Amino acid sequence: MTSTSLRRGVVASVDDVQNDFVVLTVDLCDDPIGTECLPVTVKACAYPGLAATPRPGDLVIVNTVGLELGLGTGGFGFVLVNLSASLPQHSGKGHIVRLRYTPLQLTVLSVEEESSPYHAVLKDPALTLEGTPVVSAELHSALPAIAAGVKAYDPSLTVCYVMTDGGALPIAFSRTVRELKEQGLVQATVTVGHAFGGDYEAVNLFSGLLTARHVARADAIIVSKGPGIVGTGTPLGHTGMEQGEALNSAYRLGGTAVLTPRFSDSDDRERHRGFSHHFESVLRFCVYCPTYIPVPVEIPSVGSELRSALTTLGVSEQHRIVESQGEPGLRLLEETGVSVSTMGRPLDADKAYFAVASASGWLAARAASEGAESLPEPGTCWRPR
C-alpha cells in the first residue's frame, strides 16, 4: 500500500536559484485544502522543469513525506505544483518517459531515440567500452573523491559520471555534481533508468555506459546512485546492490571493472563499521565478474582487512586487490574547495572512507593512462561452488 503527504503552502522566500534547481522557504498550511496557514516553516525544493519557478507569495502544493519521516538527504519538501503560475506544457522534445505511469511522469530526449543526434552511434551492435575503466561506488558521497583521484593522477583525462536511479532521481538535487563540474573534476553526466537531468539521458545502464564512452568521450567512468540510499538493515534490502550490477554491465561491455569498497572506521553503526555489510552482500551475491579493488597505501589496515574478507567470502580468486594512492585526490579536493561528507561526516571525520574512494579514482586513471595491461592479471568470473 502506498502513501504520500501533500500540503498547501505559501512561498516565503526564494533562497537559492540554479538553472534546474530552486531552494525555497515555505509556510505550510494546516491542511491540504485550508486557507489559514499555521506557523510551520520548512525548506522546500522546486525543479523548474516540473513546476514553474515559484516567487514569494505564490501558493504551492508541497510533498512533505521526507520531512515527516525525518530523512537526512531527502529531508526537504518538494514542490509538486505552483498554483500561482501557468501549468507546465510538454515541449514536444523526447519520447522516453521517466517515472512512468505516475502523476509525475515526464519525458526526456534519450540518446538512443531516432530523433537523437547520437542514435546512429548507439545503434552499432559492435560497440564496446574498449577497456575504459568503470569505477562503481555504492554511495553518492564517494563521487567527489573518486573524481579527484582520477584528476590528481592525470588532469587531462575526461571523467563522466553515470547516475543510476537507486537514490535521488533528479541529478539537479546534487550540489556535489554542480561543484565537480564547476571545478573541472567531472566533464559530463549521464542519467539512466528513472534518473533524469544529466547532460545525456539513456534508457538503461548498458547504453548509459556506452554513451559515456562514445558520446561524452570519457577516459574514466564513475557509476553511483544519486544522493540518498534505501537501506533496511537486512543483507539484501538496500539499493547498494546495484553496485555489483554496474560492474557486471561494465565487464560485459568490455570495460575494466573497478570496485570501490564502502569502508569506514568512524561509522557509529556496527554493520557499517569497517567494511559495510552492504559491501559484503555485493561481493557475496551480486558481482559475477572479476574486479580490481583498490586500497590506499596510506592505510595498510584496509588492505589486510579486505584480504581477510575476500577469503572469508570465498572470492579471493575472483578479485584483485591493487595498492593505490588516496592522498593525492584528497589534497586536490581541499585545493578545489569541493565540499564532501558521508552520512553527515566531513572528510576529516571519516578520512578512511574518502581515501578508499580517492584510491579508486587513482587506479582508474592509471588504467586509462597506461592501459589495463598495467594492472595485475585479472581474476576469474564467479562460479557456484
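All values reported here derive from a predicted model rather than from experimental measurement.
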Under 4.5 Å between side-chain heavy atoms, hopping through other hydrophobics if needed: is there a path connecting [X] to [Y]?
X	Y	result
V23	V10	yes
L106	L104	yes
V108	V97	no
V162	L122	yes
L283	Y288	yes

Separation between [atom1] of [X] and [atom2] of [Y], rounded to the nearest 0.5 Å:
X	Y	atom1	atom2	answer
W382	R284	CH2	CZ	11.5 Å
I146	T260	CD1	OG1	4.0 Å
R331	Q325	CZ	CD	8.0 Å
T256	Y292	OG1	OH	7.0 Å
H194	L99	NE2	CG	7.0 Å
C160	Q187	SG	CD	9.0 Å

Quick one: does [X]'s side chain have a donor or acceptor within less than 3.5 Å of a partner on [Y]'s backbone?
X	Y	value
R366	S374	yes
N248	Y251	no
E112	V203	yes
D58	V60	no

Just wondering, do [Y] and [X] contact through their side chains at under 4.5 Å, heavy atoms?
X	Y	answer
T291	I293	yes
I221	P133	no
P376	V322	yes
S358	P328	no
V159	I222	yes
V356	V295	no
T164	V223	yes
L310	I321	yes

**Request:** Only counting residues at least two apart or in another chain, list the ones meeting ring-ring contact (aromatic ring centres under 6.0 Å, His included) with F206.
**Result:** none
**Fill in**
ring pair (Phe, Tyr, Trp, His ring centres under 6.0 Å) pairs touching residues 211-243, sequence neighbours excluded, are H238-H278
**Request:** Scan for ring pair (Phe, Tyr, Trp, His ring centres under 6.0 Å) pairs involving residues 114-169, sequence neighbours excluded, and state none if there are none.
**Result:** Y118-Y200, H140-Y161, Y153-W362
Return the set of residues passing side-chain contact (heavy atoms from CB on, under 4.5 Å) with [X] (not counting sequence neighbours), or none when no residue passes.
X	result
S13	D15, T25
S301	I299, S304, E305
S136	Q243, A246, L247
S115	L109, E113

According to salt bridge (Lys or Arg N to Asp or Glu O under 4.0 Å), does anything in [range] pair up with another residue at least two apart or in another chain? List the pairs.
range	value
residues 150-175	R175-E179
residues 222-244	K225-E242
residues 189-215	R98-E201, E130-R213, K181-D199

Enumerate donor-acceptor pairs with a distance under 3.5 Å from any side-chain N or O in residues 48-56 to protein atoms, sequence neighbours excluded.
none

**Asked** Are F173 and F76 an aromatic pair by the rule of ring centers under 6.0 Å?
**Response** yes
**Request:** Kindly write out the residues that satisfy side chain to side chain donor-acceptor pair (under 3.5 Å) with E327, not counting sequence neighbours, or none if the list is empty.
**Result:** K351
